[in-house]
Structures are given as structure tokens and as C-alpha cells.
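The next block holds one structure in the form of C-alpha cells; read it before the comments.
Worth knowing before you read on, the calculation uses all heavy atoms, side chains too, and leaves out hydrogens, waters and symmetry mates. Chain A is the first sequence line, chain B the second, and so forth, proteins listed ahead of strands; every chain is numbered from 1.
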Protein chains: 2
Amino acid sequence: MSWSAIRSSDTSRFENPLVMRMAGLADLSAEEMDILRENVSLAHSSAIQAELCTEGKVQMPQVLLAGWACYQRLLGDGRRQIVDFLLPGDIIGSPTRSDLPLSRTAIALTQVVTADARPLMQAIDGSGPVMPGLARALHRMAYAEDVRQRDHIVRLGRQTAYERVVHLMLEFHSRLQQIGAVHDDRFALPLTQEVLADALGLSVVHINRTLQQIRRDRLFDMRSGQVTLRQIELMRAMADWTPPIG
Amino acid sequence: MSWSAIRSSDTSRFENPLVMRMAGLADLSAEEMDILRENVSLAHSSAIQAELCTEGKVQMPQVLLAGWACYQRLLGDGRRQIVDFLLPGDIIGSPTRSDLPLSRTAIALTQVVTADARPLMQAIDGSGPVMPGLARALHRMAYAEDVRQRDHIVRLGRQTAYERVVHLMLEFHSRLQQIGAVHDDRFALPLTQEVLADALGLSVVHINRTLQQIRRDRLFDMRSGQVTLRQIELMRAMADWTPPIG
DNA sequence: CGCTGCGTTGAATCCTATCAACGCTCGTGG
DNA sequence: CCACGAGCGTTGATAGGATTCAACGCAGCG
């Protein structure tokens with residue numbers, strides 16, 4: 001299956017998310033953007049819950065082209081903690097550290113389309129022509145992942161349930177904007193409340209009640225997979241949002 | 001002030017923590033170990049609470065030679081979250097990403113001795129002879145930091161107060177062992193309960209009560225800056241400890 | 001001597017989890 | 001076609017864990 005097969009025929013409006021992502025992180029030459037497109041054409045899809053890579057293994061890096069995924073860790077008694085979310089345009093499996101075993105498992109949260117990222121990696125730091133823009137963008141993707149993990153630590157450690165939910169929505173908003181998936185402060189969010197609970201360190205019941213409270217407060221609402229932010233600035237103020245740096 | 005000035009005269013027993021750390025992560029040649037020692041000789045000390053590097057700035061990477069420090073983030077209303085601890089032998093300021101602004105502040109938790117890490121960095125990836133061992137060790141230090149952050153996310157998100165404290169002690173035990181600072185499962189821990197609270201997302205009062213409970217259960221005790229682990233295997237089982245991989 | 005930082009304790013409160021049940025939608029199979 | 005079950009969201013009642021506020025003891029120190 002090819003990536004382009006599932007795209008709209010109108011390629012001018014629907015750009016490859018990886019290209020959007022990386023072009024937003026560094027200036028890319030025309031050749032570099034071509035390399036991005038050429039090297040992610042061999043795509044394949046995975047069903048919900050499929051493991052995209054496994055803890056403790058040295059894995060094949062992949063590009064996530066469509067759908068949502070996450071990194072997670074499981075405790076012995078079944079408790080789950082979602083460590084980070086993966087959105088279209090993200091690279092699965094430590095972009096800059098592919099030689100070390102993974103310390104977390106990646107699973108698909110929706111149906112997912114991925115592509116082998118190795119040809120892209122080789123094009124970047126192989127023996128061919130130097131690709132400063134791509135190298136820089138890749139570097140910044142890894143950095144952004146780092147920053148997200150720290151944000152997540154602050155959320156879990158020092159924010160209330162209410163603040164956590166609001167803060168995570170702002171993260172989604174910011175990340176989805178980078179790949180052009182936000183329109184009028186609305187975006188699709190294909191996550192169950194259980195997934196949100198496991199990401200934010202809360203119970204499903206409490207996530208549910210918190211979402212209701214947030215809806216009553218008219219900050220945002222989340223229904224049938226669609227999120228609409230109604231008062232972004234208020235959300236940012238109350239959840240102590242800091243815009244992504246770099 | 002020079003680093004060697006504050007060391008014991010018996011250098012055979014008290015090895016430079018950076019050398020111990022990196023030699024434990026990769027095979028180093030004799031020349032590489034010499035380079036480590038030579039390039040961290042210009043040390044200076046900072047008092048408690050001193051900012052070692054500041055959020056949002058591109059900073060000078062430093063080697064922590066003695067004392068404890070941490071990365072932290074502050075919320076608007078004063079709440080603090082400690083993101084990671086820095087122990088002797090650690091590098092302050094993203095070993096592999098020194099060109100990007102920091103997304104967290106580093107402060108000294110005790111009196112601290114640091115050295116400029118730039119000469120070391122230049123020796124590693126400068127134009128001189130290739131240092132495969134040092135490059136590999138540096139790489140693994142960055143990776144270890146990554147893994148710790150994920151561990152921290154799991155602690156904060158899905159573990160109880162009791163488990164969090166035990167798990168963090170096991171982390172300290174493991175890290176201090178790597179620099180030879182553990183003897184008979186005893187080690188010095190120069191942290192106040194307030195610092196532990198801000199790291200583990202708990203209140204000081206609750207940390208205090210949890211430590212008492214742990215002491216009553218004879219898992220470990222922590223008094224006057226000294227920690228003694230009494231039942232390591234039980235601790236590992238109950239806190240879902242996974243040994244550091246890689 | 002009094003102050004400050006740190007650890008400790010008690011009481012009350014609040015946030016969040018747990019348990020249980022119910023409704024709804026949707027896909028499947030009889 | 002309808003019955004059935006699974007998955008997901010929702011609700012109520014109850015319990016429990018963690019916070020807050022307050023106060024006190026104690027050691028170190030100027």
C-alpha cells in the first residue's frame with residue numbers, strides 16, 4: 001500500500017504531515033523536501049492496539065503518517081501510564097538514538113499508517129550530500145519530545161486534574177496546528193476517556209467529571225471525537241501554559 | 001579552585017566521579033580517561049540554591065563534580081516541580097543538545113563543585129583524534145537521562161506516595177552505585193523532605209508520614225542525611241523497579 | 001538569646017479513587 | 001430483523017488518600 005493512495009487527490013491542500021512538521025522546525029531546501037517525500041512512500045497500516053515497537057528491543061524507526069499512537073509503560077499489576085502521544089508527522093523510536101533499546105512500548109491508539117524511516121535516516125546522515133535542514137529538523141524533533149516529557153512531569157506532579165486536562169488539550173492544539181489539523185480552534189481527537197486517564201494519572205470516572213466541569217465552565221468541549229476550544233487565553237492562563245520554545 | 005584540591009589525597013580510592021560514570025557506560029581507552037581528567041580540572045563551586053543554568057537560555061554545559069543539584073520548573077503561583085536530580089559525574093545542560101535553549105532551570109541543592117564541560121565536548125567531537133568511547137559514553141548519559149524522565153512520569157502518574165518514595169530511593173541507590181558512593185546499601189542523601197516532596201508531587205507533611213511508615217515497615221530508613229536500605233528486594237518488588245537497561 | 005530551617009504531629013477538609021450500575025451505540029450472528 | 005454483547009460514556013454512593021492549616025520541638029547559628 002502506498003501512502004499517496006490514501007491521500008486526497010488535492011495534494012496542494014493536504015500536505016504530507018512529516019513535511020509540514022519538519023519544514024516548521026527548520027528551513028528546508030526544495031531537494032530536502034523531495035527527499036522527505038520520496039523516502040516515506042512505502043507505507044503500511046496497523047490496527048488499533050497494535051504494538052508499533054516494543055520495550056527493550058532495538059527497533060526499526062518509523063514515520064507516523066496518519067492516526068494516533070502513544071508510548072506507554074505498564075506496571076506489574078496492570079496499571080498503565082501513557083508517557084507521550086504520537087501524532088502524524090512524528091517519528092516513532094527515538095529519532096537520534098536508534099541504536100539503543102527502547103524504554104517504552106509504542107502502541108496504536110487508532111488505525112495507523114506508518115512508513116519505514118530508515119531510508120530517510122540514511123539519506124540524512126549517510127555518505128551522500130549533506131542535508132543541514134533535515135538534520136536540524138530531526139534534532140529539533142527530538143528536542144521537542146524531550147520538552148514534552150518535562151511538561152508532562154510538571155502536569156502529573158504539580159497540577160490538579162482540571163489543570164492537567166486543560167494543559168493537555170493545549171498541547172494537542174499546538175501540535176496539531178503544526179501539521180495543519182486545526183481549523184477555527186477545532187480539531188479531531190480520537191481518544192477515549194480511558195486513554196486520557198492513563199495519560200494524566202487519573203481514573204476514568206474522574207476524567208469524565210472533570211470534562212463535564214470544563215464544559216460547564218465553557219473552556220472547551222469534547223464530544224464525539226471533536227474538540228472545540230472556546231476560551232484559549234483563559235485556558236492558557238489557568239493551566240500555566242508556556243508556548244513551545246526554540 | 002581546582003578540583004583536585006578538594007579531593008582526598010588518596011586518589012586511588014576516590015576516583016573522579018565523571019571518570020567512573022563514563023567508564024561504566026562504555027569502554028574507554030587510557031588516553032580517553034586522561035582526556036576526561038585533564039579537561040575537568042578548572043572547577044569552581046556554587047552555594048545552595050544557586051542557579052547553575054537558566055530556563056530559556058543557551059547555556060554553558062558543565063560537569064558536576066561534587067554535590068547534588070536538580071532541574072526544576074516553577075508554576076505561576078509558586079508551585080515547584082523537580083524534574084530530575086543531578087549527581088556527581090552528571091553533565092548539566094543537555095550533553096548532546098547544547099545549541100538549544102534549556103526548558104528547565106538547574107539549581108544547586110547542596111554546595112556544589114562544577115567544571116566547564118566545553119573543553120571536554122570539543123575534545124570529543126572537535127577536529128582532533130576520534131574518541132569513540134567518550135562519544136558513546138556521552139550518548140548513553142543522554143539516553144539514561146531520557147529513561148529517568150520516563151520513570152519519573154510513571155512514578156508520578158501511576159504510583160502511590162509510598163511506592164514513589166521507595167522507587168526514588170532505588171534510583172538514587174542505582175545511580176550512586178555507579179559512582180562508588182554506596183557502601184553496604186548505605187549512602188548519603190543531602191536532601192530535605194521539601195525537596196523530595198517537590199520531586200514526587202506530594203506535600204511535605206505527607207512525605208514525612210510516608211517515610212515514617214516505610215521506616216516502621218523496615219524497608220529503609222532515612223535519618224540525618226543517611227539512607228540505609230534494609231530490604232532491597234522487597235523494595236524492588238513493591239515499587240515495580242526495573243533495572244536500568246542498555 | 002532569639003531566630004531560622006527542618007522535622008514532626010493533630011485535626012479537618014478536599015480531591016480523587018473505587019465500586020456498582022445503567023444507558024447508549026454499534027457490529028455481529030442467529 | 002431482532003437479540004445479544006462489547007465498548008464507551010455517565011451517574012451515585014462511599015471510602016480513602018493526600019492536602020491544608022496550625023502548632024510544636026529541636027538543632028544550629030549569629
Axis bend over the full length of the helix from dC1(C)-dG30(D) to dG30(C)-dC1(D), computed from five pairs that close each end, to 10 degrees: 20°

What's the [atom1]-[atom2] distance between [X] and [N], to the nearest Å?
{"X": "Gln159(B)", "N": "dA17(C)", "atom1": "CD", "atom2": "P", "result": "15 Å"}
{"X": "Arg216(B)", "N": "dT9(C)", "atom1": "CZ", "atom2": "C1'", "result": "12 Å"}
{"X": "Ile48(A)", "N": "dA6(D)", "atom1": "CD1", "atom2": "C1'", "result": "13 Å"}
{"X": "His206(B)", "N": "dG16(D)", "atom1": "NE2", "atom2": "P", "result": "14 Å"}
{"X": "Ile207(B)", "N": "dC6(C)", "atom1": "CD1", "atom2": "P", "result": "15 Å"}

Summary of protein contacts for nucleotides 7-13 of chain D, nucleotide by nucleotide, where a base hit scores B, a sugar-phosphate-only hit scores S (4.0 Å, heavy atoms): -SSBBBB

Base-contact (B) and sugar-phosphate-only (S) positions in nucleotides 23-30 of chain D, heavy-atom cut-off under 4.0 Å, - elsewhere: --------

No-hydrogen, no-angle side-chain donor-acceptor test under 3.5 Å, [X] and [Y]:
{"X": "Arg21(B)", "Y": "Gln178(B)", "answer": "yes"}
{"X": "Glu171(A)", "Y": "Ser174(A)", "answer": "no"}
{"X": "Gln213(A)", "Y": "Arg216(A)", "answer": "yes"}
{"X": "Glu163(B)", "Y": "Thr160(B)", "answer": "yes"}

Backbone N or O of [Y] within a donor-acceptor pair of the [X] side chain at under 3.5 Å?
{"X": "Arg164(B)", "Y": "Leu200(B)", "value": "yes"}
{"X": "Asn16(B)", "Y": "Leu18(B)", "value": "yes"}
{"X": "Tyr162(A)", "Y": "Met238(A)", "value": "no"}
{"X": "Arg215(A)", "Y": "Asp221(A)", "value": "no"}
{"X": "Gln231(B)", "Y": "Arg218(B)", "value": "yes"}

Candidate list Phe85(A), Phe187(A), Phe220(A), test ring pair (Phe, Tyr, Trp, His ring centres under 6.0 Å), partner Phe172(A), passing option: Phe85(A)

Option passing side-chain hydrogen bond (donor to acceptor under 3.5 Å, both in side chains) with His167(B) (candidates Arg155(B), His152(B), Arg236(B)): Arg155(B)

Sugar-phosphate, base or nothing in reach of Gly201(B), heavy atoms under 4.0 Å: sugar-phosphate

